Amino acid sequence: MELALSAEDAAFRDEVRAFIVDNYPAEMRVPNPETDLTKEQSLLWHRILHKKGWIAPLWPKEYGGPGWTVTQRFIFEQETSRAGTLPPLAFSVTMVGPVIYTFGNKAQKKKFLPRILSGEDWWCQGYSEPGSGSDLATVRTKAVREGDHYVVNGHKTWTTLAQHADWIFCLVRTDPNAKPQSGISFLLIDMKSPGVTVRPIITIDGSHEVNDVFLEDVRVPVENLVGEENKGWTYAKFLLGNERTSMAGIGRSTRYLRKLKQIVRAEIPADDPAYLEFLRDIARVELDVLALEATELRVVAQMARGIDPGPAASLFKIRGTEIFQDITELTHRAIGNYGLAIREHPISSNRFMPGPDYGHTTSEKYLNARKLSIYGGSNEIQRNIIAKAVLGL
């Protein structure tokens, strides 16, 4: 397998690197951009990429994508991840956008796609419910047709950044008598609609990232139904495939490994037996990262030749999330007693944090990373997918 980039792709990589250095906003370089930034600050890089024409690497050119090759898309994802930039609004650009341009009608494409690209509309995901997480086919939120509207009642949970969202895309049950996967529809709901209530869930790291969303007699125009009624399971699987493919996180893991090495050198004396133990653990994780990167490059090469990646999305999700959890755990161990402190939220809180700056968010990252093997379809579910699709079990 040839892993070297062509001259054209190498030039593109250099262009991406230079653009990030010259244009990424300084005010976005905070310890935890997912939770430390305001809504307006979070949109700064999104708008810069939109102006450049780089906001939607996966999208076809006819809908506003840059027209990149599979390899260029891979390079862009790698370089932005390695640089630690905040990704474009994932639920908008990576998830609901492709569903709308693939399965939506002309009116939906005209209404929603430009506003997704520009960042005018911030989307959140209404999939999980109490009792319906990895097994999404059991969703109980109901949508009953009344004339030109659906009346929606239900409860969505773990809804990321719903406090900022203008719209939510929801899985709703439109046929309670059908088989579980056959009675679900994909509905677009305005968060300003009467009957929509957002309540914060404060997670173990002290941040407000996820929410409960309650839907009480919410009237949704039938025109906001994507595709066909009761075909939502097909669209949901399509969306989750896009989400899981992006979870390998090679750039992010490489960046955090570099930081981990700096911490180990600073915190643990070279003659301490623990130092060699950390070096062995770091080497093991580095090998895991290299193996996953080689696998990702192989899949990218296949996709460039038009070959479907198959269950690779599930593989990336499993190994990418487990590797990052390993890195955050090692970092938390290396920081020692400084890892006992958790920074107050918001970032502007005027409280003294003991220890070096690099330790101020270590505990938060460790605690927050516990979720990675759960969301987007738990790793146990992904192993079942691989068992069926690859091993035929």
Side-chain angles (χ1 to χ4, degrees), residues 1-31 33-34 37 41-90 93-94 97-98 117-119 242 245-262 285-307 309 312 316 320 323-324 327:
M1 181 175 63
E2 178 58 59
L3 299 182
L5 295 175
S6 68
E8 181 181 1
D9 287 334
F12 175 74
R13 178 199 60 198
D14 294 340
E15 181 186 2
V16 172
R17 289 178 178 175
F19 185 78
I20 294 170
V21 170
D22 294 340
N23 293 279
Y24 193 70
E27 56 265 53
M28 295 186 70
R29 297 190 179 278
V30 297
E34 294 87 355
L37 298 174
Q41 288 172 326
S42 298
L43 287 166
L44 292 174
W45 181 233
H46 184 107
R47 289 170 178 156
I48 290 170
L49 290 175
H50 176 243
K51 184 177 180 180
K52 178 71 172 175
W54 286 1
I55 192 60
L58 293 173
W59 290 29
K61 199 165 187 177
E62 64 180 297
Y63 296 123
W68 289 341
T69 65
V70 170
T71 304
Q72 287 175 316
R73 297 201 304 258
F74 171 76
I75 290 170
F76 181 78
E77 192 280 329
Q78 288 288 81
E79 293 303 322
T80 52
S81 180
R82 289 179 193 275
T85 67
L86 187 69
L89 301 179
V93 174
T94 307
L117 292 174
S118 67
N242 286 339
T245 304
S246 65
M247 288 184 178
I250 300 298
R252 178 183 62 179
S253 291
T254 301
R255 180 162 44 90
Y256 275 82
L257 270 173
R258 187 166 58 244
K259 180 180 178 182
L260 170 59
K261 292 177 183 178
Q262 294 170 349
V285 176
E286 280 190 302
L287 288 174
D288 288 340
V289 172
L290 288 172
L292 186 61
E293 184 176 24
T295 302
E296 189 172 29
L297 287 169
R298 186 170 66 248
V299 170
V300 168
Q302 291 174 340
M303 293 172 66
R305 298 195 301 271
I307 301 173
F316 292 148
I323 286 170
F324 190 67
I327 294 170

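Starting from 1, each residue takes its place in the sequence as its number. Bear in mind that the values here come from a model prediction, so they are computed numbers and not experimental data. When reading the values below, keep in mind they use all heavy atoms of this one structure, side chains included, and skip hydrogens, waters and symmetry mates.
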Side-chain heavy atoms of Glu293 within contact of Gln78, under 4.5 Å: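 SC-SC contact between Glu293 and Gln78 confirmed.
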Within the distance-only criterion (no hydrogens, no angle test), does the side chain of [X] pair as donor or acceptor with the backbone N or O of [Y] below 3.5 angstrom?
{"X": "His46", "Y": "Pro87", "result": "no"}
{"X": "Arg255", "Y": "Ser81", "result": "yes"}
{"X": "Thr80", "Y": "Thr85", "result": "no"}

Working to the nearest 0.5 angstrom, can you tell me the gap between [X] [atom1] and [Y] [atom2]?
{"X": "Leu86", "Y": "Leu37", "atom1": "CG", "atom2": "CG", "result": "6.5 Å"}
{"X": "Ile48", "Y": "Asn23", "atom1": "CD1", "atom2": "CG", "result": "6.0 Å"}
{"X": "Ile75", "Y": "Glu77", "atom1": "CD1", "atom2": "CD", "result": "11.5 Å"}
{"X": "Glu286", "Y": "Lys261", "atom1": "CD", "atom2": "NZ", "result": "3.5 Å"}
{"X": "Leu5", "Y": "Leu297", "atom1": "CG", "atom2": "CG", "result": "8.5 Å"}
{"X": "Ile327", "Y": "Arg258", "atom1": "CD1", "atom2": "CZ", "result": "11.5 Å"}

Just do the side-chain contact (heavy atoms from CB on, under 4.5 Å) check on Arg82 and Arg17 with the steps written out, would you?
CA-CA 10 Å; Arg82 289 179 193 275; Arg17 289 178 178 175; 5.6 Å; no
**Criterion side-chain contact (heavy atoms from CB on, under 4.5 Å) on Leu257 and Thr254, from CA distance to verdict** = CA-CA 5 Å; Leu257 270 173; Thr254 301; 5.7 Å; no
- Item | Where Leu292 and Phe316 come nearest, the two heavy atoms and their spacing |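 Smallest heavy-atom distance, with atoms named: CD1-CD2, 3.8 Å.
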Inset, instruction - Please work out whether the ring planes of Phe12 and Trp68 are parallel, tilted or perpendicular, with thresholds of 30° and 60°. - result: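 Judged by the thresholds at 30° and 60°, the geometry between Phe12 and Trp68 is perpendicular.
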TODO: Would you indicate whether Glu15, at its atom CD, is surrounded by more than 12 heavy atoms from other residues, nucleotides or ligands within a distance under 6.0 Å?
DONE: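 More than 12 within 6.0 Å, yes.
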Handout entry: Verdict with reasoning, Leu49 to Phe19, per side-chain contact (heavy atoms from CB on, under 4.5 Å)
Key = CA-CA 10 Å; Leu49 290 175; Phe19 185 78; 4.1 Å; yes
Test log, rule side-chain contact (heavy atoms from CB on, under 4.5 Å), inputs Leu44 and Tyr24 = CA-CA 9 Å; Leu44 292 174; Tyr24 193 70; over 6 Å; no
Can you give me every donor-acceptor pair (side chain of residues 51-67, partner residue at least two apart or in another chain, under 3.5 Å) with its distance?
residue : atom : partner : partner atom : Å
Trp59   : NE1  : Val93   : O            : 2.9
Tyr63   : OH   : Lys109  : NZ           : 3.1

